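A short write-up of the structure that comes next.
All values derive from a computational prediction rather than experimental measurement. Per chain, numbering begins at 1; letters A, B, ... match sequence-line order.
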Amino acid sequence: MHLDWTALGQVTVVSIGVTVAVVVVFALGVLGLAQAEAARERDGRSHPLAVAQAGLCFLACAAVVVYGIYLIVPQFH
Amino acid sequence: MDHITFLVAVVIVTALAFDFTNGFHDTANAMATSIATGALRPKTAVLISGALNIAGAFLSTEVARTISGGIVDDTLVTPGMIFAGLVGAILWNLLTWLLGLPSSSSHALFGGLIGAVWVGAGSHGVHFDKVVEKVLIPAFASPVVAGLAALLATYLAYRITARARKESVTRGFRLGQIASASLVSLAHGTNDAQKTMGVITLTLISAGALGHDAGPPAWVIASAGLAIGLGTCLGGWRIIRTMGKGLTDIQSPQGFAAEAASTTVILTSAHLGFALSTTQVCSGGILGAGLGRRLAEVRWGTAGRMVIAWLVTLPAAALVGGVSAGVVKHGGNAGTVVIALVAAAVSAFIVITSRRNPIHANNVNETHEVTIRGTAPTRVGSAA
């Protein structure tokens with residue numbers, strides 16, 4: 001019996017790393033969005049920095065999703 | 001079409017039936033947390049999932065050349081054994097659905113085949129070292145990895161958004177959940193529909209209806225994709241309730257973290273050639289997400305029953321597969337008919353039993369328990 005511990009370790013490290021990274025970035029995006037909304041309600045003007053933070057974070061997450069689709073569909077390889 | 005004997009026709013129908021149970025058994029993997037957090041309405045969720053399952057089936061044409069990934073000796077496998085194995089897998093899928101237990105459809109299929117080959121061709125037809133390597137190790141490792149990833153991610157997600165407005169946070173993560181759940185569905189369609197295509201294609205090859213290196217004909221791709229897609233659209237509400245509500249009470253950041261973890265584990269493992277159970281990965285992710293939110297309650301009783309179901313899945317399906325293979329081997333076509341009728345009768349009985357406490361799109365989120373005894377009439381009345 002041959003157990004590929006390297007592959008198992010890779011799956012573990014990559015999975016945990018990617019998951020945490022994606023969720024943290026997405027959470028930062030949500031935080032930016034929430035701050036922008038709160039600021040708009042508080043003083044009635046938009047908050048470009050918070051909006052930009054949210055936009056960048058969601059863009060990064062979208063890129064990961066696109067890469068995920070690339071991995072799923074074999075025709076792209 | 002004169003190559004298609006009675007037995008081959010029965011195998012094809014049974015394979016599609018398995019594919020159908022696979023569909024509704026696994027809807028929960030992708031959609032349970034989205035339904036529980038309200039990211040998607042229940043009916044919308046299963047329709048999206050079904051459509052993506054069908055899309056996934058058509059997208060991926062790299063059908064595995066082996067039925068089982070080397071777990072059994074494919075050269076010894078006959079259509080009769082495949083039929084017996086499928087019967088074992090279908091019955092176990094239906095029983096666990098009745099009990100609302102998210103068990104692995106892949107393990108049910110492997111178990112059924114192992115039992116059928118063992119009885120039909122002898123124990124040398126089963127590669128037990130491969131069973132350990134390809135089934136048992138990933139079965140233990142993958143839910144733990146997904147759970148750890150979801151735990152860490154959930155903890156950080158709550159830390160980061162702790163001071164932000166709760167409504168904005170909930171809405172943001174709900175939107176994210178739609179994307180993450182859709183990815184799980186797509187990955188599921190490319191993996192699981194292919195298993196059925198592989199089974200049908202190899203049956204046709206062994207019957208001489210297709211050449212030795214033939215890929216699946218278009219009608220096989222279409223019917224397998226439709227069977228799993230329709231099964232998914234039906235919605236395995238009993239299992240959705242257990243995964244979305246039963247294991248822990250899921251909020252949208254947890255749902256997003258759990259789905260992100262499941263998607264990543266499924267994709268990285270597939271990329272590195274590990275076969276694993278989508279169901280177990282997603283359940284592990286949900287448990288991890290439950291632990292990652294402080295004070296979130298994880299119902300260990302439900303989780304424990306689920307893990308027992310995981311352990312029993314392979315041997316139980318193997319037992320039914322083995323008994324069926326014995327009958328088919330000694331009874332020929334008559335034996336096949338007997339097994340098919342008995343399987344249909346047991347399936348009908350399970351479906352009728354489920355009617356005593358029906359769970360559907362409208363009541364899936366009401367409680368966290370799946371019982372098979374009829375519940376108090378007030379609840380049934382309000383749910384209908």
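- Residue B:Asn22 forms a side-chain hydrogen bond (donor to acceptor under 3.5 Å, both in side chains) with just one option from B:Asn53, B:Thr232, B:Asp192, B:Thr196, and that option is B:Asp192.
- With a threshold of 4.5 angstrom between heavy atoms, B:Leu156 approaches chain A through side-chain atoms but not through N, CA, C or O.
- Using a 3.5 Å distance cut-off with no hydrogens or angles, the side chains of B:Thr33 and B:Glu259 do pair a donor with an acceptor.
- Annotation: residues 282-289 of chain B contacts chain A through no residue [non-hydrogen atoms, separation under 4.5 Å].
- Ring to ring, B:Phe128 and B:Trp118 are close: their centroids are under 6.0 angstrom apart.
- Contacts of B:Ala257 with chain A are made by both backbone and side-chain atoms, with heavy-atom separations under 4.5 Å.
- Between the side chains of B:Ser168 and B:Arg171, no donor N or O sits under 3.5 Å from an acceptor N or O.
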For this session: Go through the steps to decide whether B:Ser104 and B:Thr279 satisfy the test side-chain hydrogen bond (donor to acceptor under 3.5 Å, both in side chains), and finish with yes or no.
Result: CA-CA 5 Å; B:Ser104 165; B:Thr279 311; 5.1 Å; no

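- Taking B:Gly189, B:Ser180, B:Ala153 one by one and counting their heavy-atom pairs under 4.5 Å with chain A, the maximum is reached by B:Ala153.
- For a residue to count as touching a neighbouring chain, one of its non-hydrogen atoms must lie under 4.5 Å from one of that chain's; by this rule B:Arg163 does not touch chain A.
- Here ring-ring contact (aromatic ring centres under 6.0 Å, His included) pairs that include residues 17-73 of chain A, with residues two or more places apart or in two chains, are A:Phe26-A:Phe58, A:Phe26-B:Phe173, A:Phe26-B:Phe256, A:Tyr67-A:Tyr70, A:Tyr70-A:His77.
- The one candidate from B:Thr278, B:Asn29, B:Asp26, B:Asp19 that meets the side-chain hydrogen bond (donor to acceptor under 3.5 Å, both in side chains) condition with B:Ser105 is B:Asp26.
- For A:Val23, the parts sitting under 4.5 Å from any heavy atom of chain B are the backbone and the side chain alike.
- In the model, B:Ser252 has no side-chain atom that pairs as donor or acceptor with a side-chain atom of B:Thr37 under 3.5 Å.
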